[in-house]
Structures are given as structure tokens and as C-alpha cells.
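See below for the structure under consideration.
Fair warning: this is a prediction, and the values are worked out from it, not measured in the lab.
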Amino acid sequence: IEVELFVAVLGASNFTYAEATRSQRRPDWIGSHTRAFAYFGGVTAATVCDQLKPGVTLSCGYEPGIQRTYEEMAEHYGTTVLPARPWHPRDKPKVEGAVLIVQRWILARLRNETHFSLGSLNERIAELLEELNDRPMRVNQVSRRQLFEKIERSELKPLPATRFVYGEWARAKVNVDYHVEIEGHYYSVPHTHLHEHVDLRVSAGTVEILLDGRRARKTSAWVRPPVTLEDVEYWQVSNDGQKIRSAPCTFTMVSACPSSSWARARPCSCTRPLARRPTTPDSTCSAPRRSDGPAQTQGRRCADLRGQTR
């Protein structure tokens with residue numbers, strides 16, 4: 001299985017971080033950044049990166065567009081993202097040299113090894129990475145770790161109290177039942193936001209709904225999809241006093257939110273009666289039917305007779 005190699009390096013001391021990831025997609029790209037900051041024990045004032053699709057939405061040599069989750073991660077850690085220009089490797093010479101060193105001193109030593117999981121591979125890379133950072137450099141005969149502890153650790157910004165939680169952003173419109181749909185699940189918002197366009201942020205543990213940058217709803221649990229008649233039965237009483245089985249138009253289970261009185265289970269009040277036609281002439285149906293014309297009655301009888309002959 002092919003994996004990707006992520007390399008990060010500090011500018012003054014050449015202190016290096018490297019790991020293997022499954023792909024260059026956005027979760028792996030941002031997750032590698034958070035683990036690199038944790039390894040360095042601090043955050044740099046600026047982060048120079050390639051113009052990859054997970055981090056840059058608009059490739060430009062002057063004002064590239066930063067992907068929203070990537071920009072949110074940078075704001076969380078207090079760093080500035082400065083993407084290098086396309087086809088200009090001299091904009092990031094430090095990391096270009098670090099990639100070459102990692103290939104020579106880490107990947108070359110792994111060429112005859114077999115690993116059966118990504119975790120096992122990263123454990124081995126971490127061992128070789130410690131040797132690389134502790135090895136004296138050829139020019140000044142000082143290791144990267146010693147130089148980092150001497151001149152660069154004190155210059156890093158402290159890590160935030162909480163680690164960044166990855167989340168995907170989406171855009172949606174509040175429906176007439178003041179619910180928004182997220183991957184087949186439904187979440188309610190205050191009725192005053194009817195037909196408004198809202199931003200959705202979905203992470204592993206929370207779902208946030210924002211309107212004009214203000215949080216309109218936050219919940220920490222996924223919602224069940226609309227309940228079917230096989231799960232729950234609804235009954236309504238007809239005019240003649242008989243029970244008629246009916247299905248709700250919508251039914252969403254919304255987890256309770258202590259700060260919001262409107263966050264509760266709301267079944268829709270309108271129902272549709274299910275009038276089942278008999279499969280045979282002798283069967284009976286308790287559900288009321290509308291009066292059918294002679295042509296419709298004759299057609300149903302013909303269908304019943306065809307069912308009997310078979």
C-alpha cells in the first residue's frame with residue numbers, strides 16, 4: 001500500500017518532523033500539522049506550505065485562497081499560512097532540503113523493512129527521526145535538537161489549551177419545518193431562521209449550525225433518520241370512531257440541549273392515512289375508502305379476479 005510522507009522543519013534550527021499518512025486529503029493534511037506543532041512543543045508565527053488542494057482552494061502567486069478548515073486550524077493555533085508560489089521551490093528551501101535529508105536518512109533505511117500497519121511504520125519513523133535530530137550536522141557540529149533548544153524553543157508561541165478538532169464545512173438552507181439536513185440526519189433551528197442560509201460545521205463529535213457567523217445550534221450527538229412505520233406505529237381516530245393507521249410526514253429525534261428550550265423531539269403534526277386495498281375479494285380493510293366510480297370499482301374487481309385465476 002502506498003503512503004504519503006509529510007515533512008515539517010523549523011527555519012532556524014532545521015529541527016525536523018516527519019510521518020507517514022494514508023493520503024494527501026484534508027483530514028490527513030491538517031492532522032499532520034497538529035501533530036507537528038505538538039512535536040515541536042509550540043507554534044511558529046508563519047507556516048509556509050505547498051499549494052495543495054487540501055489547503056489552498058484558489059492557486060495564485062500573490063493572493064491564494066485558503067481552504068476554510070485549514071484557515072480555521074491556523075486561527076486556532078495563532079499562525080499565518082503563507083503558501084509558496086506554484087513551481088517556485090526556492091520559496092520554501094528549508095523544507096525542500098529537509099525532504100531530501102529524510103529520504104536519505106529515514107526512507108533509505110526502511111527500504112528493506114515490511115510493516116503491516118501505518119502505526120507500526122510511524123513508530124519506526126519516529127525512532128529514526130530522533131536519531132536524525134540528535135545527529136551532529138556537518139557544518140557546525142551541533143545537532144538539530146541542541147540548536148533548537150538554544151535559539152528557537154523560546155521563540156515559539158505556546159500551544160493552545162485544547163487541540164484543534166477537525167470539521168467539515170457545508171452550506172444549507174433552513175426548510176419549511178425549520179430543520180436542516182446533514183448526511184441524512186435532521187437538526188432543528190429556531191423558527192425565526194426559516195428559509196435562511198446557514199453554515200454547517202460537522203466534526204466527529206459535534207454538529208454546529210451558524211448564521212452570519214453566530215452559532216444558532218450546537219449538539220453533541222447524531223440524530224436518527226426519519227422513523228419508518230416498521231419502527232413506530234401512529235394511530236388517529238376517524239369520524240366513525242375507528243382507529244386508522246397513519247404515517248407522519250416527518251419525524252426527527254433531536255437531542256436535548258440544556259441552553260435551548262426548542263431543542264426537543266418534534267414530530268410533524270400533519271399525518272397521512274394509509275388506506276390499504278384488499279389483496280383478495282374476501283379480505284376486509286378497516287380503513288375508510290373514498291367513494292370510487294363505477295369504472296374504478298370494475299377495474300379493481302378485474303384485478304382481484306386476475307389474482308384469483310393465478
Next on the checklist: Testing the basics here: between P83 and I66, what is the closest heavy-atom pair and its distance to 0.1 Å?
Outcome noted: CG-CD1, 3.6 Å

Item to check | Inter-residue atom distance R26.CZ - I30.CD1, 0.5 Å rounding | outcome: 7.0 Å

Next on the checklist: Assess the residue pair E113 and H115 against the criterion (side-chain hydrogen bond (donor to acceptor under 3.5 Å, both in side chains)); give the C-alpha distance rounded to whole Å, side-chain angles, the decisive distance to 0.1 Å, and a yes or no.
Outcome noted: CA-CA 7 Å; E113 297 182 9; H115 296 270; 3.1 Å; yes

Checklist entry - What's the shortest heavy-atom distance between E155 and I151, and which atoms? => result CG-O, 3.6 Å

Next on the checklist: One thing to verify: whether E96 and R90 come together as a salt bridge, which I'm taking to mean a side-chain N less than 4.0 angstrom from a carboxylate O.
Outcome noted: no

Checklist entry - Do E131 and W105 get their side chains close enough for a donor-acceptor pair, meaning under 3.5 Å? => result no

Next on the checklist: Is there a side-chain contact between T16 and I101 in this structure, where contact means two heavy atoms from C-beta onward sitting under 4.5 Å apart?
Outcome noted: no

Checklist entry - Looking only at heavy atoms, which two atoms of F40 and A8 are closest? And how far apart? => result CZ-O, 3.9 Å

Item to check | K150, NZ: over 12 other non-hydrogen atoms inside 6.0 angstrom | outcome: no

Checklist entry - Where is the tightest heavy-atom contact between L129 and A18, given as atom of each residue plus distance? => result CD2-N, 3.6 Å

Checklist entry - Backbone N or O of H179 within a donor-acceptor pair of the S188 side chain at under 3.5 Å? => result no

Checklist entry - Do the side chains of L156 and L147 join up, straight or via other hydrophobic residues, at under 4.5 Å, putting them in one cluster? => result no

Next on the checklist: Show, in sequence, the C-alpha distance, side-chain angles and deciding distance for V202 and I182, and conclude whether the side-chain contact (heavy atoms from CB on, under 4.5 Å) test is met.
Outcome noted: CA-CA 8 Å; V202 183; I182 305 175; 3.6 Å; yes

Checklist entry - Any side-chain heavy atom of L107 within less than 4.5 Å of one from L5? => result yes

Item to check | Between CE on residue M73 and CZ on residue R163, distance to nearest 0.5 Å | outcome: 11.5 Å

Checklist entry - How long is the span from the CG atom in N175 to the CD atom in E181, to the nearest 0.5 Å? => result 9.0 Å

Checklist entry - With sequence neighbours left out, which residue pairs that include part of residues 136-161 fulfil the ring pair (Phe, Tyr, Trp, His ring centres under 6.0 Å) condition? => result F15-F148

Next on the checklist: Quick check against the 3.5 Å criterion: does T57 have a side-chain atom that pairs as donor or acceptor with the backbone of G65?
Outcome noted: yes

Checklist entry - Backbone N or O of I106 within a donor-acceptor pair of the R109 side chain at under 3.5 Å? => result no

Checklist entry - Among side-chain atoms of E168 and Y166, is any donor-acceptor pair under 3.5 angstrom? => result yes

Item to check | Of all pairs that satisfy salt bridge (charged side-chain N to carboxylate O under 4.0 Å, His left out), the ones with a partner from residues 56-67, not counting sequence neighbours | outcome: none

Checklist entry - Under 3.5 Å, side chain of K94 to main-chain N/O of N14, donor-acceptor pair present? => result no

Item to check | Side-chain donor or acceptor of T79 paired with backbone N/O of T44 under 3.5 Å | outcome: yes

Checklist entry - Is any NZ, NE, NH1 or NH2 atom of the basic residue among D134 and R145 found under 4.0 Å from an Asp or Glu carboxylate oxygen of the other? => result yes

Checklist outcome for this item: Scanning both residues in full, the closest heavy-atom pair of Q24 with W29 reads O-CB, 4.4 Å

Item to check | Any donor-acceptor N or O pair under 3.5 Å, side chains S117, S120 | outcome: no

Checklist entry - Distance only, no hydrogens: is a donor on one side chain within 3.5 Å (strictly under) of an acceptor on the other, for T21 and E4? => result no

Checklist entry - So, H76 versus F164, ring centres under 6.0 angstrom or not? => result yes

Item to check | Approximate separation, where rounding is to 0.5 Å, of R144 CZ and S13 OG | outcome: 9.0 Å

Checklist entry - Would you say V198 and L210 make side-chain contact, with heavy atoms under 4.5 Å? => result no

Next on the checklist: What I want to find out is whether K173 reaches E196 closely enough, with some N-O distance under 4.0 Å, to be called a salt bridge.
Outcome noted: no

Checklist entry - Going by atom types alone, do Y39 and N133 pair a side-chain donor with an acceptor below 3.5 Å? => result yes

Checklist entry - Under a 4.5 Å side-chain heavy-atom rule over Ile, Leu, Val, Met, Phe, Trp and Tyr, are I209 and V165 clustered together? => result no

Checklist entry - Counting distance only, does the side-chain N/O of T34 pair as donor-acceptor with the main-chain N or O of G31 below 3.5 Å? => result yes

Checklist entry - Within a radius of less than 6.0 Å around CD1 of I1, do more than 12 heavy atoms belonging to other residues, nucleotides or ligands occur? => result no

Item to check | Between S59 and Q51: side-chain donor-acceptor atoms closer than 3.5 Å | outcome: yes

Next on the checklist: Checking V174 against Y187 for the side-chain contact (heavy atoms from CB on, under 4.5 Å) test, could you report, in this order, the C-alpha distance in whole Å, the side-chain angles of both residues, the deciding distance, and whether it holds?
Outcome noted: CA-CA 10 Å; V174 180; Y187 295 87; over 6 Å; no

Next on the checklist: Does atom CZ (R22) have a neighbourhood of more than 12 heavy atoms from anything else shown, all under 6.0 Å?
Outcome noted: no

Item to check | Minimum-distance pair of heavy atoms, taken over all atoms of L121 and L110 | outcome: CD1-CD1, 4.1 Å

Next on the checklist: Could you go through W169 and L200, starting from their C-alpha distance and side-chain angles, then the distance that decides it, and tell me whether this counts as side-chain contact (heavy atoms from CB on, under 4.5 Å)?
Outcome noted: CA-CA 6 Å; W169 287 89; L200 310 175; over 6 Å; no

Checklist entry - Checking side-chain contact (heavy atoms from CB on, under 4.5 Å) for the pair R201/S203: CA distance, chi angles, key distance, verdict? => result CA-CA 7 Å; R201 188 182 187 276; S203 63; 4.0 Å; yes

Next on the checklist: In this structure, is the centre-to-centre distance between the rings of Y70 and H33 below 6.0 Å?
Outcome noted: yes

Next on the checklist: Would you compute the distance between atom CD of E71 and atom OG1 of T80 and round it to the nearest 0.5 angstrom?
Outcome noted: 10.5 Å

Checklist entry - Side-chain heavy atoms under 4.5 angstrom apart, residues restricted to Ile, Leu, Val, Met, Phe, Trp, Tyr: same cluster for L128 and L100? => result no

Item to check | Side-chain H-bond candidate by donor/acceptor type, S32 with E19, under 3.5 Å | outcome: yes

Checklist entry - Does the pair R68/D199 count as a salt bridge with the N-to-O cut at 4.0 Å? => result yes

Checklist entry - Cluster question for you: counting only ILVMFWY and a side-chain heavy-atom cut-off of under 4.5 Å, with indirect links fine, are V95 and V48 together? => result no

Item to check | Spatial distance of atom CG (D91) from atom CG (L82) [nearest 0.5 Å] | outcome: 10.5 Å

